[in-house]
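What follows is one structure encoded as structure tokens, with my remarks underneath.
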Amino acid sequence: RLRALDERTQALERRERELGERERAGRERDQRWDEESSRRADELEARIAAREAELEGREAELLRLQAGLAVQQESIRRRERALEDAERLRLREEVAPRAHLSFSEGLDAFSDARRG
């Protein structure tokens, strides 16, 4: 009977050690999982931060391009207005009678009128 009790005690101690090892292995596995999850999260955060920085750079470049295009567009509008103004002035000069004649032009016109 004592021997059966010793065997039972040894079996219980062995089982207790096994349970302790399983528990320790489970804690180690959980810790590795937590570390791996944390590492992955850090990696993803770094990738997201890099993409955000890249997008901010692209956005800044687009804003610079838009500003440059706006300046060019305004310059083109000014040139178009200047050309339209010059064209209107040219047409007015063609259509409008000349109010002032040079001396030579007046003399020629007078001479032509006397001859004719």
Carboxylate-amine/guanidinium contact Glu23 Arg27, below 4.0 Å: yes

Any residue meeting side chain to side chain contact (heavy atoms under 4.5 Å, CB included) with Asp34, in chain and number order, not counting sequence neighbours: none

Note: Glu74-Arg77 ion pair, threshold 4.0 Å (strictly below): yes

Salt-bridge criterion met for Arg88 and Asp85 (N-O under 4.0 Å): yes

Carboxylate-amine/guanidinium proximity below 4.0 Å for Glu7 and Arg3: yes

Crowding at CZ, Arg39 (>12 non-hydrogen neighbours, <6.0 Å): yes

Under-4.0 Å salt bridge between Glu18 and Arg15: no

CG on Leu55 to CG on Leu62, rounded to 0.5 Å: 10.5 Å

Result of checking Glu54, Glu61, Glu56 against Arg58 for side chain to side chain contact (heavy atoms under 4.5 Å, CB included): Glu54

Derivation of the side-chain contact (heavy atoms from CB on, under 4.5 Å) call for Leu63 and Gln66: CA-CA 5 Å; Leu63 290 174; Gln66 284 178 335; 3.7 Å; yes

Greater than 12 external heavy atoms within 6.0 Å of Arg8's CZ: no

From CG (Leu5) to CD (Gln10), nearest 0.5 Å: 10.5 Å

Between CZ on residue Arg90 and CG on residue Leu83, distance to nearest 0.5 Å: 12.0 Å

Pairwise distance CD(Glu45) to CD(Glu52) - rounded to 0.5 angstrom: 10.5 Å

Gap separating the CD1 atom of Ile76 from the CZ atom of Arg81, nearest 0.5 angstrom: 12.0 Å

Interatomic distance, Glu13 atom CD to Asp6 atom CG [nearest 0.5 angstrom]: 9.5 Å

CA sep, side-chain torsions, deciding dist, call: Leu44, Arg47, side-chain contact (heavy atoms from CB on, under 4.5 Å): CA-CA 5 Å; Leu44 287 173; Arg47 285 174 40 197; 4.0 Å; yes

